Structure formats: structure tokens, C-alpha cells
Amino acid sequence: QVQLVESGGGLVQAGGSLRLSCAPSGRTFSSYAMGWFRQAPGKEREFVAAITWSGGTIHYADSVKGRFTISRDNAKNTVYLQMNALKPEDTAVYYCAARKDDYGGIYLRTASYDNWGQGTQVTVSS
């Protein structure tokens, strides 16, 4: 099990930007595939973005494509989600997820991940 700690959430006006960070506690994660998910009140947790352990393959949900960027710095043991042009509908709790992977896989489903952070709130006002 990997403990993940997210940071960087907050309140921002529509059109603004935030950068979320996720780091494992006490372990390197260079061999882990990573993902970001979000959950709005009354809705199911949904996929936002994912990245392979090497950073060579990335995938985004259609709703964030062109506005959000996932990246990772394995030397700093951190994965990021840069969120630009934020909309009120992006308001949610954002979760970081990790899955041990030695094959370069990319995972888009919540059930594919077995390590989750506690979540960080992102609120976008109109």
C-alpha cells in the first residue's frame, strides 16, 4: 500500500488556474501508473487524467482535454495536475490514485487503482 498526499486545491474564479500535487508518503513511485479522478456532490467518482510510470503515455477525459495537463517528476516523487481555464462544473473533490505497474500500462477506471489519496477540494466560482 502507498499513502498518497494531495495538495493545491482551493477556491478560484472561473477562468482561473490551480495546480494540484500528489506525492507518496515514505515510498518512491517511479514504477507506479498514476491517475487523477474527481467526485462532485451527488455524483460518482469520474476519471480526469492518467499517466504511465515513465510519463510516456497520457490520457484525458474529454471534459478536460485542452485545459488540464498531467505530468510527473519521478526525481521529485510527485505527480501534478495543472488545471487552466477552470469552469464551475470542475468543482469537485480531486483524488490522486496509484497502481504498481512494470509494463507501461495506463488505467482509466477507478477499479484499476488500489492506492488513493484523501482528496483535495477544488471550488470554481462563477
Side-chain angles (χ1 to χ4, degrees):
Q1 288 288 321
V2 177
Q3 267 193 309
L4 301 172
V5 180
E6 301 107 331
S7 60
L11 173 64
V12 64
Q13 286 189 329
S17 298
L18 284 173
R19 188 175 81 157
L20 306 183
S21 299
C22 172
S25 174
R27 181 179 296 207
T28 59
F29 77 152
S30 57
S31 61
Y32 284 76
M34 303 295 294
W36 285 98
F37 293 77
R38 66 187 182 187
Q39 188 166 18
K43 295 188 176 182
E44 291 190 354
R45 193 170 297 187
E46 65 174 8
F47 169 75
V48 175
I51 189 168
T52 54
W53 69 265
S54 68
T57 302
I58 288 171
H59 191 85
Y60 297 99
D62 288 343
S63 58
V64 307
K65 204 172 292 183
R67 300 187 297 122
F68 290 13
T69 302
I70 187 172
S71 62
R72 66 190 298 161
D73 186 336
N74 286 343
K76 294 184 178 180
N77 224 25
T78 304
V79 64
Y80 304 97
L81 185 68
Q82 176 68 44
M83 305 185 295
N84 298 328
L86 282 160
K87 304 175 182 179
E89 51 263 43
D90 294 319
T91 294
V93 177
Y94 282 70
Y95 296 91
C96 173
R99 172 196 169 112
K100 188 75 167 67
D101 181 81
D102 297 320
Y103 305 103
I106 192 163
Y107 304 94
L108 312 186
R109 298 170 60 239
T110 57
S112 298
Y113 292 90
D114 50 8
N115 300 282
W116 292 86
Q118 81 288 351
T120 185
Q121 177 70 46
V122 171
T123 303
V124 184
S125 63
S126 57

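Quick caveat, the model's predicted, so the values are computed rather than measured.
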- Indicate yes or no for a side-chain donor-acceptor contact from Arg67 to the backbone of Ala85 under 3.5 Å, with no hydrogens or angles considered. yes

- Note on the structure: Rounding to 0.5 Å, atoms OG (Ser126) and NZ (Lys87) come to a distance of 14.0 Å

- Item | Trp53 atom CH2, over 12 foreign heavy atoms within 6.0 Å | no

- Which atom pair, heavy atoms only, marks the closest approach of Tyr32 to Ala98? CD2-CB, 3.9 Å

- Query: What is the minimum heavy-atom distance between Thr78 and Ala23, and which atoms define it?
  - Reply: OG1-CB, 4.2 Å

- Item | Reported OG-to-CD distance for the pair Ser21 and Gln82, which is rounded to 0.5 angstrom | 9.5 Å

- Query: Could you go step by step and tell me if Ser63 and Arg38 meet the side chain to side chain contact (heavy atoms under 4.5 Å, CB included) rule?
  - Reply: CA-CA 12 Å; Ser63 58; Arg38 66 187 182 187; 3.5 Å; yes

Enumerate donor-acceptor pairs with a distance under 3.5 Å from any side-chain N or O in residues 103-111 to protein atoms, sequence neighbours excluded.
from	atom 1	to	atom 2	distance (Å)
Tyr107	OH	Asp101	OD1	2.6

- Item | Results of side chain to side chain contact (heavy atoms under 4.5 Å, CB included) for Ala14 - residues two or more places apart only | Pro88, Val124

- Message: Quick one, Leu11 and Gln121 - any side-chain contact, counting heavy atoms below 4.5 Å?
- Response: no

- Begin with the C-alpha distance, continue with both residues' side-chain angles, and end with the deciding distance and a verdict on side chain to side chain contact (heavy atoms under 4.5 Å, CB included) for Arg45 and Trp116. CA-CA 12 Å; Arg45 193 170 297 187; Trp116 292 86; 3.3 Å; yes

- Side-chain donor/acceptor of Arg72 to backbone N/O of Ala33, under 3.5 Å: no

- Task: Please list, chain by chain and in numerical order, all residues satisfying ring-ring contact (aromatic ring centres under 6.0 Å, His included) with Tyr80, sequence neighbours excluded.
- Result: none

- Message: For Gln118, give me all partners under side chain to side chain contact (heavy atoms under 4.5 Å, CB included), at least two apart in sequence or on another chain.
- Response: Glu6

- For Val2 and Asn115, the nearest pair of non-hydrogen atoms, with its separation, is N-OD1, 2.7 Å

- Which residues share a ring-ring contact (aromatic ring centres under 6.0 Å, His included) with Tyr94, sequence neighbours left out: none

- Task: Please report the C-alpha distance between Thr120 and Ser7 in whole Å, then the side-chain angles of each, then the deciding distance to 0.1 Å, and finally whether the side chain to side chain contact (heavy atoms under 4.5 Å, CB included) criterion is met.
- Result: CA-CA 6 Å; Thr120 185; Ser7 60; over 6 Å; no

- Message: Please tell me whether Met34 and Ile58 are part of a single hydrophobic cluster in this structure, the criterion being side-chain heavy atoms less than 4.5 Å apart.
- Response: yes

- Message: Under a 4.0 Å threshold between the charged nitrogen and the carboxylate oxygen, would Lys65 count as salt-bridged to Asp62?
- Response: yes

- Note on the structure: Quick note, disulfide (SG to SG under 2.5 Å) partners involving residues 91-126, not counting sequence neighbours, are Cys22-Cys96

- Are Trp36 and Leu86 connected, step by step, through hydrophobic side chains (Ile, Leu, Val, Met, Phe, Trp, Tyr) whose heavy atoms are closer than 4.5 Å? yes

- Item | Verify same cluster id: Tyr60, Met83 (apolar side-chain graph, 4.5 Å) | yes

- Message: Please give me the minimum heavy-atom distance between Val79 and Ile51, naming the atom from each residue.
- Response: CG2-CG2, 4.3 Å

- Task: Would you give the length of the straight line joining atom OG of Ser25 to atom CG of Asn77, rounded to the nearest 0.5 angstrom?
- Result: 10.0 Å

- Common cluster, Val122/Val64, ILVMFWY with side-chain heavy-atom separation under 4.5 Å: yes

- Are Ile70 and Phe47 linked, directly or through other ILVMFWY residues, by side chains that come within less than 4.5 angstrom of each other? no

- Query: What pair of heavy atoms forms the shortest contact from Ser17 to Asn84, and how long is it?
  - Reply: OG-OD1, 2.9 Å

